[in-house]
Amino acid sequence: MSVILVIAAHPDDEILGPGATIARKKNEGNQIYALILGEGQTSRWSEHNEVDHRIVLELHKNSRNAANVVGYTNIYFENLPDNRFDSWDMLDTVKLVEKYINDIKPDIIYTHHANDLNIDHRIVHEAVLVATRPIGNCPVKEIYTFETVSSTEWNFGNKQGMFYPNVFVDVTDFFELKCEAMKKYKSELCDFPHPRSLLMLEVIAKKWGGVCGKQYVEAFELIRKIE
């Protein structure tokens, strides 16, 4: 059994990226946790303090409902300001990540791709790398990054920073659970052709499936593995 921690910037990233893989890993008997660092709402208002706090609480409820569908053991929230992680001291973000790593002691971490368009995603990626330096008693043996639709694919012009996965997880038996989990995010799920739609999630899973001869696949980039 492995202990797996998904470290995401916003509510729904933990489903959009590795949701079906989480369902598969849970079915295989692993313990799986999610840390969501940002509150995921306040950037949609002109001022950070304009948002009704009840909207954030409702989003947390959606996250817990989605987590129950795919099998997260627990999900944690830190409510950093949405799309403003660059206004927060990087050291404080690293220390938050370190705290959960010390408490949960994951063998495996999934997190954002390094070159997503979204600034919060990029900062989370960097914070994870800093917090998991392979020194001392760091428990993390494997780190994978996932793509997040409506962010990873929109970083146009950054050819050197494209998402080039090298790990492919067959989620044919678990893809529907990912879709059911996303349906819990009433404020985040959109209609096609928006990329954050059920149809687009299916298109992407079939695309990666076609790459490696499977029906539905989630793809990841392996950052580090220690055996």
Side-chain angles (χ1 to χ4, degrees), residues 2-38 40 62-76 97 100-101 104 106-114 116 118 120-121 124-125 128-129 132 140-153 163-185 188-189 195-196 198 200-209 211-212 214 216-225:
S2 294
V3 178
I4 299 171
L5 175 60
V6 176
I7 302 178
H10 313 111
D12 83 355
D13 292 341
E14 82 290 354
I15 301 297
L16 288 171
T21 298
I22 294 309
R24 171 174 169 163
K25 297 296 183 182
K26 178 65 175 180
N27 187 66
E28 294 170 350
N30 301 288
Q31 286 187 352
I32 309 166
Y33 301 87
L35 168 61
I36 300 178
L37 288 169
N62 293 167
S63 298
R64 293 189 181 95
N65 290 338
N68 289 336
V69 173
V70 297
Y72 281 105
T73 304
N74 206 347
I75 187 166
Y76 304 96
V97 174
Y100 284 93
I101 289 173
I104 296 171
D107 307 291
I108 300 169
I109 284 180
Y110 291 87
T111 194
H112 292 284
H113 183 246
D116 281 8
N118 188 287
D120 293 353
H121 294 188
V124 169
H125 175 91
V128 168
L129 292 190
T132 58
V140 180
K141 301 300 186 291
E142 300 175 33
I143 302 173
Y144 300 89
T145 63
F146 51 78
E147 63 180 334
T148 310
V149 291
S150 74
S151 177
T152 310
E153 78 278 23
F163 179 65
Y164 288 111
N166 51 17
V167 176
F168 302 90
V169 180
D170 184 356
V171 294
T172 302
D173 294 334
F174 302 94
F175 179 72
E176 283 302 319
L177 288 175
K178 177 175 184 168
C179 294
E180 288 303 313
M182 269 309 300
K183 290 177 184 177
K184 304 299 181 183
Y185 279 110
E188 308 306 306
L189 188 62
R196 208 163 53 245
L198 295 180
M200 196 63 186
L201 293 181
E202 182 177 7
V203 167
I204 292 169
K206 285 186 173 181
K207 177 188 77 172
W208 294 125
V211 167
C212 58
K214 303 295 181 182
Y216 291 99
V217 161
E218 284 182 334
F220 304 91
E221 183 179 353
L222 174 64
I223 301 301
R224 187 179 80 221
K225 183 174 182 178

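For the pair K26 and V70, the minimum side-chain heavy-atom distance is 4.5 Å or more. Counting only heavy atoms from C-beta outward, the side chains of F175 and R24 never approach each other to under 4.5 Å. Between C212 and V217 the shortest side-chain heavy-atom distance falls below 4.5 Å. The closest side-chain heavy-atom distance from Y33 to V6 is not below 4.5 Å. The closest side-chain heavy-atom distance from E153 to P195 is below 4.5 Å.
For A23 against L177, the heavy-atom pair with the smallest separation is CB-CD1, 3.8 Å. Between A20 and F174 the shortest heavy-atom distance is O-CB, 3.6 Å. Residues A219 and P165 come closest through the heavy atom pair CB-CB, 3.5 Å.
A side chain to side chain contact (heavy atoms under 4.5 Å, CB included) with I109 is found for exactly one of L35, V140, I223, T145, namely V140. When each of D170, V169, V171 is paired with Y216, the side chain to side chain contact (heavy atoms under 4.5 Å, CB included) condition holds for V171 and for no other.
For residues 3-13, the pairs satisfying salt bridge (Lys or Arg N to Asp or Glu O under 4.0 Å) are D12-R196, with sequence neighbours left out.
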Using side chain to side chain contact (heavy atoms under 4.5 Å, CB included), reason through L198 and L189 one step at a time and then give a plain yes or no. CA-CA 8 Å; L198 295 180; L189 188 62; 4.0 Å; yes
Any chance you could lay out the side chain to side chain contact (heavy atoms under 4.5 Å, CB included) test for Y144 and R224, step after step, and finish with the verdict? CA-CA 7 Å; Y144 300 89; R224 187 179 80 221; over 6 Å; no
For a ring pair (Phe, Tyr, Trp, His ring centres under 6.0 Å) check, start with the C-alpha distance between F146 and F220, then their side-chain angles and the critical distance, and finish with the verdict. CA-CA 5 Å; F146 51 78; F220 304 91; 7.0 Å; no
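Taking the six-membered ring where the residue is Trp, Y76 and Y100 present tilted rings, their angle falling between 30° and 60°. The aromatic rings of F163 and H113 sit perpendicular, their planes meeting at an angle over 60°, well past the 30° parallel limit.
Between the side chains of T148 and H112, at least one donor-acceptor pair of N or O atoms lies under 3.5 Å. In the model, T21 has no side-chain atom that pairs as donor or acceptor with a side-chain atom of Y110 under 3.5 Å. No side-chain donor-acceptor contact under 3.5 Å links T73 and Q31.
Proximity of a side-chain donor or acceptor of N65 to a complementary backbone N or O of K184 within less than 3.5 Å is not detected. Distance alone, capped at 3.5 Å, places no donor-acceptor pair between the E176 side chain and the D173 backbone. Side-chain N or O atoms of N118 include one that pairs as donor or acceptor with a backbone N or O of D120 at under 3.5 Å. With hydrogens and angles disregarded, a donor-acceptor distance shorter than 3.5 Å links the side chain of N30 to the backbone of K25. Counting only distance, with no hydrogens or angles, the side chain of N166 and the backbone of L222 share a donor-acceptor pair below 3.5 Å.
Atom CD of E202 and atom SG of C179 lie 7.0 Å apart (nearest 0.5 Å). Rounding to the nearest 0.5 Å gives a distance of 4.5 Å between CG of L16 and CE of M182. Taking OH of Y72 as the reference point, atom CD1 of I4 lies at 9.5 Å (rounded to 0.5 Å). The CD1 atom of I101 lies 6.5 Å from the CG atom of L5; values are rounded to the nearest 0.5 Å. Atom CD1 of I22 sits about 12.5 Å away from atom CG of N27, to the nearest 0.5 Å. Atoms CD1 and OG1, on I7 and T132 in that order, are 8.0 Å from each other to the nearest 0.5 Å.
A114 is linked by a side chain to side chain contact (heavy atoms under 4.5 Å, CB included) to H125, counting only residues two or more places apart in sequence or in another chain.
The pair E218-K178 counts as a salt bridge, with a side-chain nitrogen and a carboxylate oxygen less than 4.0 angstrom apart.
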